[in-house]
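Following: one structure in structure tokens, then a few remarks.
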Amino acid sequence: MNIKANYIAGEWVGGKSSAENVNPSDTRDVIGLYARADAAQAADAIAAAQAAQPKWAAFTLQQRADALDRVGSEIAARQAELADLLAREEGKALPDAAGEVQRAAQIFKFFAGEALRVPGELLASTRPGMSVEITREPIGVVSVITPWNFPIAIPAWKIAPALAYGNAVVFKPAELVPGSAWALTEILSRAGLPAGTFNLVMGRGRDVGEAMLGDARVAGVTFTGSEGTGRRVAQACVTRRGPMARFQLEMGGKNPLVVLDDADLEVAVNCAINGAYFSTGQRCTASSRLIVTEGIHDRFVEAMVAKLKTLAVGDARRAGTVIGPVVDAAQLQQDLDYIDIGRTEGATLAIGGEALPEVDGQPGFYLRPALFTGATNAMRICREEIFGPVAAVIRAADADEALALANDTDYGLSAGVCTTSLKWAAHFKRHLQAGMVMVNAPTAGVDPHVPFGGRKASSFGPREQGRHAAEFYTTVKTAYVSP
Ligand code: ADP
């Protein structure tokens, strides 16, 4: 089997070792062998990026826009093939994977447009006869470090703005999903960027990733992953020798979905099922706390259990599958451990929670989606991110208590409320402490042209996506000219 290589300084470069990319829907299926870089190769990529960045920044805005647009067009044209690869390596159901690939294409196209709209300001000065110009310039070399749960969309929403504003990129995808990253790199390799503008180094966080933080030639680090790693990223960016790196961190969530007495039951159940279980619950925006007021509680639980019985668990690429497998054995074990913790803490497992060693004769990391009832907000299953198809129902006396419970968390990424009352919709929209609020809609996902990000322990630094992305990927210059 040939080994898919890293991409450094415009060349395909073998790694120091390699690793198998295994299909979680059928562990007998090895998708391919992918190179693993080491710290020295990460340094080579950083050097190449540093050398290329001024050349890329000197391209006209139109050339930069055209290059990104071509990438978006090719991703869109190859949607079916890329979605198949994504579902095969990550395990989300094919329709979700297709949506993610389409999103990646849209993001490249959106930032192709943004490349033409680099914002600036011209202000009058307090100094007589002078004006002040505020412009934005690229920051330089950006390290992009991504998780496994969105193998193409998260890389796209970091790489596209980095390039749009004239930066060079060193990209390290998560170890579990090198396939989508490699495919995206192959597309970028033909987009007409100067060699070294975009580099792919696949490998482990503790060697390749760390080398992308501590190098003083890296101006910024954009990271999505766990909270623990996020803190390490921040520390490395601040304590390294030479200038500090700016950093942008997207980390965990423990997102509440509040269901009020006056909610439309069908809307509420659809929001909860989609929010908690789609993409196998492996989303930082997953609604893992379902906070339900007294008057609708029993009907909601009954309807959830009935609906969960109908969700087909199986091979991500099989027609009809709604819930694909968990991504790997370690994540499955973490999910099962939390299910045990929930039981021990005194919550009731209303349905699901069993690992299925095989579905349709295929060995994989399958888990029946689990719903706890009788949970309290103090339980670990309601405080810690599980990152699997596991949700807990918390009973609330009324809307005020529901709001207080929703906000009683260390996290603040997204939050939702289901209600038919204009008054309560406005109240929750105003008072939910989260970066993204959804009324009668699932907690997951926002459009590519609006900001994505959270509060509290969920995020650090400027928002991602939309024109807000310029805050991270550019540096501001204030210039005076005396006539
Ligand atoms: P997850 O639990 O979702 O795998 P991680 O935070 O472990 O989240 O991983 C997110 C990304 O961060 C991955 O690409 C991983 O390789 C990388 N990573 C892990 N440890 C480090 C580290 N010490 N320095 C830099 N990157 C790291």
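Only a predicted model underlies this, so the values are computations on that prediction, with no experimental measurement involved. Ligands are counted one by one from 1 in listed order, and the atoms in each one are counted from 1 as well.
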Review point. So Phe387 and Trp148, would you call those rings parallel, tilted or perpendicular, with 30° and 60° as cut-offs?
Key: perpendicular
Point to revise | Plane angle bin for Phe111 and Tyr165 - parallel if under 30°, tilted between 30 and 60°, otherwise perpendicular | key: perpendicular
Exercise for review: Taking only Lys NZ, Arg NE, NH1 and NH2, and the carboxylate oxygens of Asp or Glu, determine whether Lys92 and Glu100 approach each other closer than 4.0 Å.
Suggested key: yes
**Study point:** Close-range residues for ligand 1, whose non-hydrogen atoms fall below the 4.0 Å threshold
**Key:** Ile145, Thr146, Trp148, Lys172, Pro173, Ala174, Glu175, Gly205, Gly209, Glu210, Leu213, Phe223, Thr224, Gly225, Ser226, Thr229, Arg232
**Study point:** Distance-only polar pair, side chains of Thr475 and Glu137, donor-acceptor under 3.5 Å
**Key:** no
Practice item. Indicate whether any N or O donor in one side chain lies under 3.5 Å from an N or O acceptor in the other, for Thr409 and Lys254. Key: no
Point to revise | Contacts of Glu89 that satisfy salt bridge (Lys or Arg N to Asp or Glu O under 4.0 Å) - sequence neighbours left out | key: none
